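Below you'll find the structure, written out as structure tokens, and then a few comments.
Just the heavy atoms: all of them, side chains too, but no hydrogens, waters or symmetry mates, feed the values below. Computed from a predicted structure; not experimentally measured. Every number for a ligand or one of its atoms is a count from 1 in the order of the listing. Sequence positions, counted from 1, serve as the residue numbers for this chain.
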Amino acid sequence: MPLKVGSGVDFVPDRDIPNLSNKVIFVTGGTGGLGKAAILTLIKKKPSKIYVTARNPSKFQDLVNEIQVENPSIQAVSILHLLNCDLADLKTVQSAAHQVLTSTTPKLDIFIGSAGVFLASPALTKDGYEVQFGTNHMSHALFIKLLLPLLQKSPDPRIVLFTSGAFAMHPAGGILFDSLHTTQEKEFRIAAPWRLYAQSKLANVLFCAELARRYADVAAVSVHPGEVYTDGFANVGQWSRRILVAMSMNKFMTPEEGSRNALWAVTAPLYKGEVGNGEGVKESEKGLVVNGSYYEPVGVPGKHMRSSTDGDLARRLWEWTEKELEKFN
Ligand SMILES: NC(=O)c1ccc[n+]([C@@H]2O[C@H](COP(=O)([O-])OP(=O)(O)OC[C@H]3O[C@@H](n4cnc5c(N)ncnc54)[C@H](OP(=O)(O)O)[C@@H]3O)[C@@H](O)[C@H]2O)c1
């Protein structure tokens with residue numbers, strides 16, 4: 001089915017994703033929304049394993065059942081592996097990563113960070129971080145830190161993090177490092193949930209760009225999926241939902257369509273030249289993925305702001321995050 005919005009790369013997942021046998025995939029948030037849609041497409045290409053993090057094992061079972069009913073020829077039970085994990089509790093993230101590291105899995109080829117909360121009420125994660133930053137950024141940073149050695153064993157390792165074009169609404173200064181151990185709502189007069197969501201999504205963009213600068217052997221990009229009416233939307237407050245619906249002018253994509261940008265980023269050929277400044281260069285016009293870039297659907301170099309290509313801010317985020325995660329090895 002053609003995409004309803006944008007233009008970009010001519011990418012039809014069933015046609016363009018190659019056979020994935022021998023590939024090991026890791027997906028956060030695979031029990032719902034865009035992460036689940038990505039798995040439903042990827043599994044048709046017969047990967048050797050897909051690790052799925054889930055805080056609700058019954059939703060994982062629903063995923064397995066759905067695949068078995070829709071594709072009886074696919075051995076969903078032997079491909080999908082459940083990792084119980086709450087992204088708002090870094091000890092469970094560490095333990096999920098350890099399960100992979102101590103398994104017989106020799107390498108990890110694709111990491112898809114889709115799990116996320118949006119427009120959440122003020123709260124702290126179990127580790128005491130502002131809830132959207134802790135869930136959307138810190139958990140993925142810890143997974144990547146712990147799984148990096150396994151990714152580096154792949155001949156073509158890919159990381160994609162779901163960001164959002166809404167990162168543009170981030171607080172002045174980008175990331176409010178000094179108060180990340182609070183709920184941060186006092187920093188804003190209005191729209192705190194939006195600003196804090198944007199802060200976490202700016203972190204996703206900057207973190208991928210900095211990862212690319214530090215580890216050129218692992219390709220990391222961030223993607224905006226487009227506007228997709230998923231459970232995440234259903235769970236936000238009614239005013240935020242009204243604004244979101246108005247912003248998208250009711251032209252929501254399906255989860256399958258919304259997953260395409262990420263699927264392109266982890267399966268299309270990689271640009272082998274020097275890593276650019278995170279602006280995607282023009283290589284995606286040739287269908288190539290540029291390490292460190294941010295993409296809008298599908299494969300379109302995303303609209304940046306000064307903050308989202310700010311190398312100093314990216315380095316500060318990386319160093320701040322590393323320090324915070326020191327105790328998790
Ligand atoms: N939908 C959009 O229009 C849109 C636009 C821009 C960016 N994005 C980004 O795309 C990503 C996916 O969004 P979505 O629309 O698919 O959201 P969704 O339907 O709400 O799904 C989010 C997934 O994340 C999981 N999750 C949330 N908090 C978790 C936690 N603490 N521990 C473990 N798992 C957790 C959920 O688990 P459960 O299944 O247990 O609930 C669910 O599987 C997010 O990062 C979002 O910011 C979405």
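Scanning all heavy atoms of the two residues, the minimum distance from Pro255 to Ala37 falls at O-CB, 3.4 Å. Taking both residues in full, the closest heavy atoms of Ser308 and Val205 are given as O-CG1, 4.0 Å, listed atom of the first, atom of the second, then distance.
No part of Pro255 comes within 4.0 Å of ligand 1, judged by heavy-atom distances. Residue-level proximity to ligand 1 for Lys36 is absent, since no heavy atom of it falls below 4.0 angstrom. Neither the backbone nor the side chain of Tyr229 has any atom closer than 4.0 Å to an atom of ligand 1 (non-hydrogen atoms only).
Using bins of under 30°, 30° to 60° and over 60° for the plane-to-plane angle, the ring pair Tyr215/Trp318 lands in the tilted bin. Between Phe26 and Tyr51, the ring planes are tilted. Angles from 30° to 60° get that label. By the 30° and 60° cut-offs, the orientation of the rings of Trp320 relative to Tyr129 is perpendicular. Aromatic ring pairs are classed by plane angle as parallel below 30°, tilted from 30° to 60° and perpendicular above 60°; the pair Phe118 and Tyr197 is tilted.
Looking at Asp16 and Arg260, no side-chain N of the basic residue comes within less than 4.0 Å of a carboxylate O on the acidic one, giving no salt bridge. Using a 4.0 Å cut-off between charged nitrogen and carboxylate oxygen, Arg315 and Asp312 count as a salt-bridge pair. Taking the charged nitrogens against the carboxylate oxygens, Glu66 and Lys36 do have a contact shorter than 4.0 Å, which makes a salt bridge.
Nearest protein heavy-atom neighbour of atom 1 (N) of ligand 1: Val228 O, 2.9 Å. For atom 22 (C) of ligand 1, the closest non-hydrogen atom of the protein is Gly116 O, 3.8 Å. Counting only heavy atoms of the protein, atom 12 (C) of ligand 1 lies nearest to Ser114 O, 3.1 Å. In terms of protein heavy-atom proximity, atom 40 (O) of ligand 1 is closest to Arg55 NE, 3.0 Å. Protein heavy atom closest to atom 14 (P) of ligand 1, with residue, atom name and distance, is Thr230 OG1, 3.5 Å. Scanning the protein for heavy atoms near atom 31 (N) of ligand 1, the closest one is Asp86 OD1, 2.9 Å. Shortest contact from atom 18 (P) of ligand 1 to any protein heavy atom: Gly232 N, 3.7 Å. Of the protein's non-hydrogen atoms, Ala115 CA, 3.2 Å is the one closest to atom 24 (O) of ligand 1.
The environment of CZ in Arg306 is sparse: at most 12 heavy-atom neighbours from other residues, nucleotides or ligands sit within 6.0 Å. Within a 6.0 Å sphere centred on NZ of Lys46, heavy atoms belonging to other residues, nucleotides or ligands number 12 at most.
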Would His181 and Glu324 satisfy side-chain hydrogen bond (donor to acceptor under 3.5 Å, both in side chains), going step by step from the backbone distance to the final call?
CA-CA 11 Å; His181 286 286; Glu324 292 289 315; 3.0 Å; yes

Trace of the side-chain hydrogen bond (donor to acceptor under 3.5 Å, both in side chains) decision for Asn71 with Ser73:
CA-CA 5 Å; Asn71 305 284; Ser73 66; over 6 Å; no

Asp10 and Arg15: CA distance, side-chain angles, deciding distance, salt bridge (Lys or Arg N to Asp or Glu O under 4.0 Å) verdict
CA-CA 10 Å; Asp10 174 26; Arg15 181 194 69 193; 3.3 Å; yes

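Each of the following atoms of ligand 1 lies closer than 4.0 Å to a heavy atom of Gly32: 43 (O). Counting atoms of ligand 1 from 1 in the listed order, those under 4.0 Å from a heavy atom of Leu34 are 10 (O), 12 (C), 13 (O), 16 (O), 48 (C). Atoms of ligand 1 found under 4.0 Å from any heavy atom of Val117 (numbered from 1 in listed order, with element): 28 (N). Under a 4.0 Å criterion applied to the non-hydrogen atoms of Glu227, ligand 1 contributes the atoms 3 (O). For ligand 1 and Thr163, the ligand atoms under 4.0 Å from any heavy atom of the residue are 6 (C), 7 (C), 8 (N), 9 (C). If you number the atoms of ligand 1 from 1 as listed, the ones under 4.0 Å from a heavy atom of Phe118 come out as 15 (O), 17 (O). For ligand 1 and Gly226, the ligand atoms under 4.0 Å from any heavy atom of the residue are 2 (C), 3 (O), 4 (C), 5 (C). Near Gly33, the atoms of ligand 1 lying under 4.0 angstrom from a non-hydrogen atom of the residue are 16 (O), 19 (O).
For ligand 1, none of its N or O atoms has an N or O atom of His224 under 3.5 Å away. When only interatomic distances are considered, the shortest N/O to N/O separation between Thr135 and ligand 1 does not fall below 3.5 Å. Residue Gly30 has no N or O atom closer than 3.5 Å to an N or O atom of ligand 1. Residue Asn56 has no nitrogen or oxygen atom sitting less than 3.5 Å from a nitrogen or oxygen atom of ligand 1, judged on distance alone. Between Leu87 and ligand 1, at least one pair of N/O atoms sits closer than 3.5 Å.
Of the listed residues (Gln132, His170, Lys201), just one forms a side chain to side chain contact (heavy atoms under 4.5 Å, CB included) with Leu196, and that residue is Gln132.
Within the set Phe60, Tyr197, Phe162, Phe167, the minimum heavy-atom distance to atom 46 (C) of ligand 1 is found for Tyr197.
Residue contact annotation: Asn136 has no non-hydrogen atom under 4.0 Å from ligand 1.
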